[in-house]
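Per chain, numbering begins at 1; letters A, B, ... match sequence-line order.
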Protein chains: 2
Amino acid sequence: MNSSKRSEQFPTADHDHQTCVTHALQEAEDFCLQQGLRLTELRHRVLELIWANHQPVGAYDLLEQLTHEGRKAAPPTIYRSLDFLLENGLIHRITSLNAYVGCNHPGLNHAAQFFICEACGQAAELDDAKIESVIARDAKRLGFTVEKRTVEVAGICAHCKLRPNP
Amino acid sequence: MNSSKRSEQFPTADHDHQTCVTHALQEAEDFCLQQGLRLTELRHRVLELIWANHQPVGAYDLLEQLTHEGRKAAPPTIYRSLDFLLENGLIHRITSLNAYVGCNHPGLNHAAQFFICEACGQAAELDDAKIESVIARDAKRLGFTVEKRTVEVAGICAHCKLRPNP
DNA sequence: TGCTATATTGTTATATTATAACGTAACATC
DNA sequence: GATGTTACGTTATAATATAACAATATAGCA
Ligand SMILES: [Zn+2]
Ligand SMILES: [Zn+2]
Ligand SMILES: [Zn+2]
Ligand SMILES: [Zn+2]
């Protein structure tokens, strides 16, 4: 399985789920070590849960998963970890879903675009330079300084078009 | 003042605010008459408030403005009107702000992009066909059927770059 | 006109997402 | 080990949005 290729499309139902998670966690550990960031046990576990869900997942869903495994956790517990992971580019927030998803290219300070399937809940992360350049051109015309981009496309993925009820 | 031109950029501080509102309301009334839609007094007033605010405004802000003018209103009051206005393309929802703004091209079923100033709160609505076509191309490559697009760019507008404290 | 179906609004309660405030524990550095 | 800093625990609350049902207004028709 080619992970970097997979990241540019919707995952198939038969792909090796656990390998994705393991790989992402390993990348995060390496990245944090390199950057001198403290990927504490809690942050590590939250990131692992996000990847294990394997699709955008809400903060309170994560919170419930934490408490179900015996950990004392309240909303700030989860939001602090999410903030850390967001700030350091290990996850993305999907604004239109109020949900969080693992980043496929951690470390790079990149602008991502998301294609979100309304049937199966999966999201594909793209990094299309063309979209960026068109936005940059519009911004230039407006005299606008870009800080943050949100590009989220909702619809139906190829797998779900074939399979009416995923 | 050329309204259709204004809509493609950030409004200047000295433009005729009231004319914007009046014009937008007139357009909405015409549109609803044409379409057989009931722009009730409440819906009309909510749309007027949105335009009068002249920048993306939250549901509870609108609710407070309604109650301050003596009307009995609860959250559903405002959300129902917002739903009506959204469904019929008279306003847009800015996902990244949880806020609502008048549409500059009501009637057209168009995909809008928003450039949002983090300093003054103003938002410019664009309808850039290039962005649409790039998204469409990506979608085609993914085999993805697009239902809804969210393109929101946050940053600093040209006016605020000149004037540090608006 | 009055009757009836439908659409709209009122009202109360609650769900969902996120943050404030403050105390405690862990960690790092000296 | 003392001290400053970072992370976490805990309680309360803010901000956004919807569910459910009752009352009212409107539209279309008898
Ligand atoms: Zn990413
Ligand atoms: Zn799908
Ligand atoms: Zn519009
Ligand atoms: Zn501005």
Any Lys/Arg nitrogen of B:Arg149 or A:Glu152 sitting under 4.0 Å from an Asp/Glu carboxylate oxygen of the other?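 Salt bridge: no.
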
Among residues 25-38 of chain A, which ones have heavy-atom contacts with DNA chain D below 4.0 Å? A:Arg38

Between B:Phe144 and A:Phe10 (judged by ring centroids, cut-off 6.0 Å), do the two rings come close enough to count as a pair? yes

Do A:Tyr100 and A:His92 have their ring centres less than 6.0 Å from each other?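 No, the ring of A:Tyr100 stays outside the 6.0 Å limit from the ring of A:His92, centre to centre.
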
Return the 5'-most residue of the pair B:Lys72, B:Arg43 with respect to DNA chain C, ranking by each residue's nearest nucleotide. B:Arg43

For D:dC8, take OP1 and OP2 only and decide whether either is under 4.0 Å from a side-chain N or O of A:Thr40. yes

For [X] and [N], what is the distance between atoms [atom1] and [atom2] respectively, to the nearest whole Å?
X       : N      : atom1 : atom2 : answer
A:Leu42 : C:dA25 : CG    : P     : 17 Å
A:Arg71 : D:dT10 : CZ    : P     : 12 Å
B:Asp83 : C:dT9  : CG    : P     : 12 Å

Base, sugar-phosphate or nothing for A:Arg80? Non-hydrogen atoms, less than 4.0 Å. base

According to the interplanar angle, ranging from 0 to 90°, do the rings of B:His17 and B:His15 count as parallel (below 30°), tilted (30 to 60°) or perpendicular (above 60°)?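 Tilted: the ring planes of B:His17 and B:His15 meet at 30° to 60°.
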
Cluster link A:Ile91 to A:Leu39, ILVMFWY, side chain under 4.5 Å: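 In one cluster: yes.
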
Using the rule that two of Ile, Leu, Val, Met, Phe, Trp, Tyr join whenever any of their side-chain heavy atoms come within less than 4.5 Å, decide whether B:Ile78 and B:Val57 are in one cluster. yes

Protein-to-nucleotide contact annotation, 5' to 3' order, nucleotides 12-18 of chain C [B base; S sugar-phosphate only; - none; under 4.0 Å, heavy atom]: B----BB

Flag, side chain of B:His105 to backbone of B:His110, donor-acceptor distance under 3.5 Å: no

Can you pull out every salt bridge (Lys or Arg N to Asp or Glu O under 4.0 Å) where at least one residue sits in residues 20-38 of chain B? Sequence neighbours excluded, please. none

